[in-house]
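This report concerns only the one structure given below.
As the structure is a computational prediction, the values presented were derived from the model and not from experiment.
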Amino acid sequence: MPGHLIRRLQQIASSIFAQQMKSHGTDLTSPQFAALAMIHDHPRIDQATLAGAIAFDRATIGGVVDRLVSKGLVARTTNPKDRRARVLILTEDGEAMLTRLRPIVADCQDAILSSLTAAETREFIRLATKIATSENEQSRAPLHEVRPSEARSA
């Protein structure tokens with residue numbers, strides 16, 4: 001059944017990611033990496049926009065950001081346009097961690113699909129993208145594209 005296979009693929013992908021991170025001396029999770037990459041690409045992004053940008057609900061993203069802050073990889077700062085709002089930036093350690101992990105994460109992606117040929121990989125990604133895009137709003141945390149004004153409004 002497709003749902004079962006998708007769940008199994010998620011389990012496999014998560015396991016490969018965790019093993020790779022552990023073998024490189026970090027306990028960073030896939031959501032934490034996604035958040036680091038998005039904060040890097042959109043400095044001063046707010047937490048709610050970050051949640052939509054990586055398809056996480058607001059409650060879950062709070063914990064992800066809290067752990068990144070406690071690890072010294074992300075800093076929360078006050079939005080000068082709205083003193084009640086907080087925006088996120090990578091620390092120097094966060095930038096260094098992201099730079100170090102990007103090639104490792106790329107290798108993880110290759111490992112996840114290692115049993116497929118190059119043509120099968122392209123077709124798998126095409127079909128998975130088609131489903132994820134067309135059914136995006138069915139998710140409890142739909143993916144939302146970050147508009148430049150959202151990320152740099154601070």
Handout entry: Closest contact, heavy atoms only, Leu98 versus Phe33
Key =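 Of all heavy-atom pairs spanning Leu98 and Phe33, the closest is CD1-CE1, 3.5 Å.
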Practice task
Mind listing the closest non-hydrogen atom pair of Ala48 and Asp46 along with its distance?
Solution key: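 Looking at all heavy atoms of both residues, the shortest contact is N-OD2, 3.1 Å.
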Problem - Exam field: side chain His24 to backbone Gln20, donor-acceptor pair closer than 3.5 Å - result: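 Flag set: sc His24 to bb Gln20 pair under 3.5 Å.
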Exercise for the section: Using modelled atom types only, decide if a donor and an acceptor are shared between the side chain of Thr91 and the backbone of Leu73 within a distance under 3.5 Å. Expected result: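 Yes: the side chain of Thr91 pairs with the backbone of Leu73.
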Handout entry: Joint hydrophobic cluster, Leu9 plus Ile125, side-chain heavy atoms closer than 4.5 Å
Key =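 Yes, it is one cluster - the side chains of Leu9 and Ile125 are joined through contacts under 4.5 Å.
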Practice task
Give a yes or no on whether Leu36 and Ile89 share a hydrophobic cluster (residues Ile, Leu, Val, Met, Phe, Trp, Tyr; joining criterion: side-chain heavy atoms under 4.5 Å apart).
Solution key: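 Not linked; separate clusters.
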Exercise for the section: Hey, could you give me each pair passing side-chain hydrogen bond (donor to acceptor under 3.5 Å, both in side chains) that has a residue in residues 50-68? Not counting sequence neighbours. Expected result: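 Of all non-adjacent pairs touching residues 50-68, those that pass side-chain hydrogen bond (donor to acceptor under 3.5 Å, both in side chains) are Asp57-Thr60, Asp57-Arg140, Asp66-Arg76.
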Exercise for the section: Determine, for Lys71 against Asp93, whether the closest basic-nitrogen to carboxylate-oxygen distance falls under 4.0 angstrom. Expected result: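 So Lys71 does not pair with Asp93 through a salt bridge.
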What distance do [X] atom [atom1] and [Y] atom [atom2] have between them, rounded to the nearest 0.5 Å?
X: Ile16; Y: Gln11; atom1: CD1; atom2: CD; answer: 12.0 Å
X: Arg102; Y: Ile104; atom1: CZ; atom2: CD1; answer: 12.5 Å
X: Thr49; Y: Ile39; atom1: OG1; atom2: CD1; answer: 11.5 Å

Exercise for the section: Report yes or no: do Gln19 and Ser15 form a side-chain donor-acceptor pair below 3.5 Å? Expected result: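 Judged by distance alone, the side chains do pair up.
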Handout entry: Residues Ser14 and Gln10: side-chain donor-acceptor under 3.5 angstrom
Key =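 Yes, a side-chain donor-acceptor pair sits under 3.5 Å.
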Problem - Any side-chain heavy-atom pair of Thr26 and Arg100 under 4.5 Å - result: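 Answer yes - side chains close enough.
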Handout entry: salt bridge (charged side-chain N to carboxylate O under 4.0 Å, His left out) involving Arg8 - partner list, sequence neighbours excluded
Key =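 Arg8: no salt bridge (charged side-chain N to carboxylate O under 4.0 Å, His left out) contacts found.
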Please list every donor-acceptor pair under 3.5 Å in which a side-chain atom of residues 107-117 meets a protein atom from a residue at least two apart or in another chain.
from, atom 1, to, atom 2, distance (Å)
Ser114, OG, Ala111, O, 3.1
Thr117, OG1, Glu120, N, 3.1
Thr117, OG1, Glu120, OE1, 3.4

